[in-house]
Amino acid sequence: MIKLALFSTKSYDKEYFERFKPQNKVEVRYFKASLNEDTTELAKGYDAVCVFVNDEINRPVLEHLKEQGTKVVALRCAGFNNVDLDAADELGIKVVRVPAYSPNAVAEHATALILTLNRKTHKAYNRIREGNFSLERLTGFNLHRKTVGVVGTGKIGKAFCEIMLGFGANVLAHDLYPDEELKNMGIKYTSLDELFGQSDIISLHCPLTPETKHMINKESFKKMKDGVMIINTSRGALIDTKAAIKALKKRKLGYLGIDVYEQEENLFFHDHSENIIEDEVIMRLISFPNVLITSHQAFFTSEALEQITSTTYQNILDFEMGKELKNEVKK
Ligand code: NAD
């Protein structure tokens, strides 16, 4: 029986991990705490740890895990920018992930952000509850024939491109590895600068890497159309948030929809409704009428939770049985 310590547990994690637990094969202990240098001790005696996007699996954490006997880190997400892969490799700790749980879930959420920002359904909902049936300041624009630029056409970007084609948008894309099928569907691959220059809406679907960090910055805003809409469901640090605030103030950035935020670690997934929020940057963002923020919920559908849970258990059992780790993340 492999022993698993699951960090950053929320009620829905426990619900799904209990429901899909392989009987008599895995013993799970749930910790509400996130995994970081202060909490690694909790994993003592556990063969595997299961972590999420905001756990910090850096070198000191990995060294401590190794000392305590943990052999595998199972990410219950696709992104792995929060793991020091060099350190894991040196220490002989395996890292596995869930490469795809529901690309459609994230692509559909990106679409929800676009439609809400554009058609202002969130404002209409509140207005009508107060008996205000006016249409003043609710004007939107058609997506049909607009140019949508998609950065990163992997699993999520591709699903998103297909949705945008359904709206009759003209879709431009940028990726290091263009997708032939998308090209055949009429999607045009361009340079990043050309995509910035021509798009009415830009949606980010590439991973966070040293090359993509702050790809949306002061300089890139200069290349974009006035009033451009930017959607980020990928990773917060793809956008230089302070530059985005300046662009919003100058009306260069017309709409911003984000499901991820550079400094989300201490905010997202927690209820801060009774706290004083110290983060001035997010408070400034919240104050704009044309900014929509969700707290990393793009993946959050029942289909995705099922896939995350079953793949995570399979990854851990494959490790336990010495099978090939098809979802291993290597440096
Ligand atoms: P994927 O690996 O299938 O696709 C990523 C694509 O980005 C690939 O085609 C890759 O070639 C491309 N890419 C890499 N570097 C690039 C660059 N410099 N410029 C342009 N393209 C580049 O990944 P995916 O499953 O589509 O996920 C994309 C991202 O979405 C993940 O990295 C993750 O950060 C994020 N994500 C967010 C949520 C959420 O709930 N908000 C959920 C899952 C994934």
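In each ligand, atom 1 is the first atom listed, and ligand 1 is the first ligand listed. What's counted below: heavy atoms across the whole structure, side chains too, no hydrogens, waters or symmetry copies. For reference, positions follow the sequence shown, starting with 1.
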Short N or O contacts of ligand 1 with protein, under 3.5 Å, listed by atom name?
residue	atom	partner	partner atom	Å
ligand 1	3 (O)	K155	N	2.9
ligand 1	3 (O)	K155	NZ	2.8
ligand 1	9 (O)	G154	N	3.4
ligand 1	9 (O)	D175	OD1	3.4
ligand 1	9 (O)	D175	OD2	2.6
ligand 1	11 (O)	D175	OD1	2.6
ligand 1	26 (O)	K155	N	3.3
ligand 1	26 (O)	I156	N	2.8
ligand 1	30 (O)	S234	OG	3.3
ligand 1	34 (O)	S234	O	3.3
ligand 1	34 (O)	R235	NH1	3.2
ligand 1	40 (O)	F299	N	3.1
ligand 1	41 (N)	T233	O	2.9
ligand 1	41 (N)	D259	OD2	3.0

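- Side-chain contact annotation: D259 with Q297, donor-acceptor N/O pair under 3.5 Å absent.
- Ring planes of H205 and F160: tilted class, angle from 30 to 60°.
- Between H296 and F52, the two ring planes are tilted [angle within 30° to 60°].
- Taking a cutoff of 4.0 Å between a charged side-chain nitrogen and a carboxylate oxygen, K158 and E181 qualify as a salt bridge.
- A salt bridge between D193 and K223 is present, with a side-chain N of the basic residue lying under 4.0 Å from a carboxylate O of the acidic one.
- Linking Ile, Leu, Val, Met, Phe, Trp and Tyr residues whenever their side-chain heavy atoms come within less than 4.5 Å places L285 and I230 in a single cluster.
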